[in-house]
Amino acid sequence: MFTMGLDVYTRGILLLREFFNDVDVKIVAGNHSRAMEFMMYMALKCYFKDDDKVHFSEDYKDTQSYVFGDTSLFFNHGDANQKRLIGSIPAEFYKEYGSTKNRYLFLGHLHKLEQINSENGITVHRVPAICEDDLWHYQNRFGLGNTPSHEIMVFDKHNGMISSNFVYFDRNIEERDDKNAKGI
C-alpha cells in the first residue's frame, strides 16, 4: 500500500509541477496511520529535495494553514473536538485569519460530505473518504451503497472558493477493462 501511495502522490506532484510554478505540499495526518503518513511525506520530500518548484513544509502539527491571497485554508483530520477546533483557529492562526477575508477549514474523518455553515468567520467543510469495500468498512457501515468520489475545489485568491466538482470512481472499472482486453 505504501509503494502504491508513494507512486500515486509522486505522479500527482509531477503533474501539478507541469502546470504551476510552485507546488506547496503539507502533511495532515489521519488517525489510523500517522507514522506511515509521516514516512510517506518524508519520502516525497526526499524525492523532490532538489526540485525548485516543489516545496515541503517543516511544520508537522495536526492543524495546517495555507494563505492564498485573501483566502486562508486550514486543514485538520477532523478527529478532534469540532467545536473547539473551529474556535481555536483564530487564536492559533491569528496572522493568517486576520489577514484574509475568505476562510475555510477542511476536515475528514467521518467518511461523509458535510457542509457546515460558517462559524467564527470560517466555512467548515467535511470531505468524504474514498473507502474500499473491506470487512471493516462493511461491519461499521461506512460507504455502503455510495459511489466512491472525491471533491475537487477551485479557489480564487481574492474571492475564495469559485467552484466545486466531484470526480467519481467506478468500482468495476478494472473488471470492465479486463473483460474488454479479453474481448468479452
Side-chain angles (χ1 to χ4, degrees), residues 1-80 89 92-93 95-96 99-100 102-113 122-132 134 143 147-171 173-174 177:
M1 200 62 171
F2 183 88
T3 304
M4 185 186 304
L6 184 60
D7 181 55
V8 168
Y9 277 106
T10 302
R11 288 177 190 222
I13 292 170
L14 287 169
L15 182 63
L16 289 170
R17 193 185 177 288
E18 289 180 31
F19 295 97
F20 298 97
N21 292 329
D22 288 297
V23 177
D24 294 317
V25 183
K26 293 184 173 269
I27 183 171
V28 180
N31 64 322
H32 293 285
S33 58
R34 289 186 194 275
M36 196 60 70
E37 291 162 5
F38 178 75
M39 287 186 261
M40 173 79 66
Y41 185 80
M42 296 310 287
L44 289 165
K45 186 176 175 182
C46 288
Y47 182 92
F48 290 99
K49 71 178 188 228
D50 295 324
D51 192 310
D52 59 345
K53 285 186 171 185
V54 181
H55 314 284
F56 287 80
S57 172
E58 297 293 325
D59 182 354
Y60 309 120
K61 294 185 299 186
D62 287 344
T63 305
Q64 295 288 320
S65 70
Y66 186 79
V67 173
F68 180 59
D70 295 329
T71 300
S72 55
L73 309 173
F74 303 98
F75 304 91
N76 182 286
H77 177 67
D79 54 335
I89 296 295
E92 182 177 0
F93 299 100
K95 288 180 183 173
E96 296 88 338
S99 67
T100 58
N102 310 297
R103 303 175 194 102
Y104 301 87
L105 171 60
F106 295 96
L107 308 171
H109 186 62
L110 294 183
H111 298 244
K112 65 179 183 177
L113 174 65
I122 301 171
T123 300
V124 182
H125 196 82
R126 190 172 294 277
V127 295
I130 304 169
C131 300
E132 292 192 41
D134 59 19
T147 300
S149 63
H150 189 68
E151 189 173 9
I152 306 294
M153 293 163 250
V154 178
F155 291 87
D156 177 80
K157 66 188 330 182
H158 302 295
N159 299 308
M161 187 186 306
I162 57 172
S163 74
S164 169
N165 297 290
F166 284 87
V167 175
Y168 294 93
F169 301 93
D170 186 346
R171 293 182 193 276
I173 197 162
E174 289 178 15
D177 287 348

Check whether any side-chain heavy atom of Val28 sits under 4.5 Å from a side-chain heavy atom of Phe106, and report yes or no. no
For atom CE of Met42, decide whether the heavy atoms of other residues, nucleotides or ligands shown that lie under 6.0 angstrom number more than 12. yes
Name all residues meeting the ring-ring contact (aromatic ring centres under 6.0 Å, His included) criterion together with Phe68; count only those two or more places apart in sequence or in a different chain, and write none if there are none. none
Any non-hydrogen side-chain atom of Glu151 less than 4.5 Å from a side-chain atom of His125? yes
If you count heavy atoms of other groups shown closer than 6.0 angstrom to CZ of Phe56, is the number above 12? yes
Evaluate the side chain to side chain contact (heavy atoms under 4.5 Å, CB included) criterion for residues Tyr41 and Val25: first the C-alpha distance (whole Å), next the side-chain angles of each, then the deciding distance (0.1 Å), finally the verdict. CA-CA 9 Å; Tyr41 185 80; Val25 183; 3.9 Å; yes
Regarding Ser72 and Glu96, is there a side-chain donor-to-acceptor distance under 3.5 Å anywhere? no
Hey, what do you get for CD1 (Ile162) to CZ (Phe155), rounding to the nearest 0.5 Å? 9.5 Å
Roughly how far apart are Ile13 CD1 and Glu18 CD, rounded to 0.5 Å? 13.0 Å
Look at the side chain of Lys53 and the backbone N and O of Val23, then say whether any donor-acceptor pair between them is shorter than 3.5 Å. no
Counting C-beta onward and ignoring hydrogens, is there a side-chain heavy-atom pair between Glu58 and Tyr60 closer than 4.5 Å? yes
Side-chain contact, heavy-atom cut-off 4.5 Å: Arg34 with Asp62? yes
Partners meeting side chain to side chain donor-acceptor pair (under 3.5 Å) with Asp22 (sequence neighbours left out): His55
If you round to the nearest 0.5 Å, how far is OG1 of Thr63 from CZ of Phe75? 11.5 Å
Could you grab the distance from atom NZ of Lys95 to atom OG of Ser65, nearest 0.5 Å is fine? 11.0 Å
Residues passing the side chain to side chain donor-acceptor pair (under 3.5 Å) test with Gln64, sequence neighbours excluded, are none
Working to the nearest 0.5 Å, report the span between CG of Leu44 and OG1 of Thr10. 5.0 Å
Please indicate whether Phe166 has more than 12 foreign heavy atoms, meaning atoms of other residues, nucleotides or ligands, lying under 6.0 Å from its CZ. yes
Applying side chain to side chain contact (heavy atoms under 4.5 Å, CB included), can you list everything that pairs with Asp52, at least two apart in sequence or on another chain? Arg17
Taking the side chain as every heavy atom from C-beta outward, state whether Phe48 and Leu14 have any pair of such atoms under 4.5 Å apart. yes
Quick check for you: to the nearest 0.5 Å, what is the distance between Phe93 atom CZ and Leu105 atom CG? 9.5 Å
For Asp7, all residues meeting side chain to side chain donor-acceptor pair (under 3.5 Å), sequence neighbours excluded: Arg11
When you measure from the side chain of Thr71 to the backbone N and O of Asp156, does any donor-acceptor pair fall under 3.5 Å? yes
Atom of Gly69, atom of Val67 and distance for their closest heavy-atom approach: O-CG1, 3.6 Å
Nearest heavy-atom contact between Glu37 and Ala29 is OE1-CA, 3.0 Å
So, using side chain to side chain contact (heavy atoms under 4.5 Å, CB included) as the criterion, who are the partners of Phe19 when residues are at least two apart? Leu15
Would you mind reporting whether Ser33 and Phe2 have side-chain heavy atoms less than 4.5 Å apart? no
Nearest heavy-atom contact between Asn76 and Gly78 is OD1-N, 2.8 Å
Please find the pair of heavy atoms, one from Asn159 and one from Asn102, that lie closest to each other, and give the distance. C-ND2, 3.7 Å
Distance-only, no hydrogens or angles: does the Tyr104 side chain make a donor-acceptor pair with backbone N or O of Met161 under 3.5 Å? yes
Could you check whether any side-chain heavy atom of Val127 comes within less than 4.5 Å of a side-chain heavy atom of Met153, counting everything from C-beta outward? yes
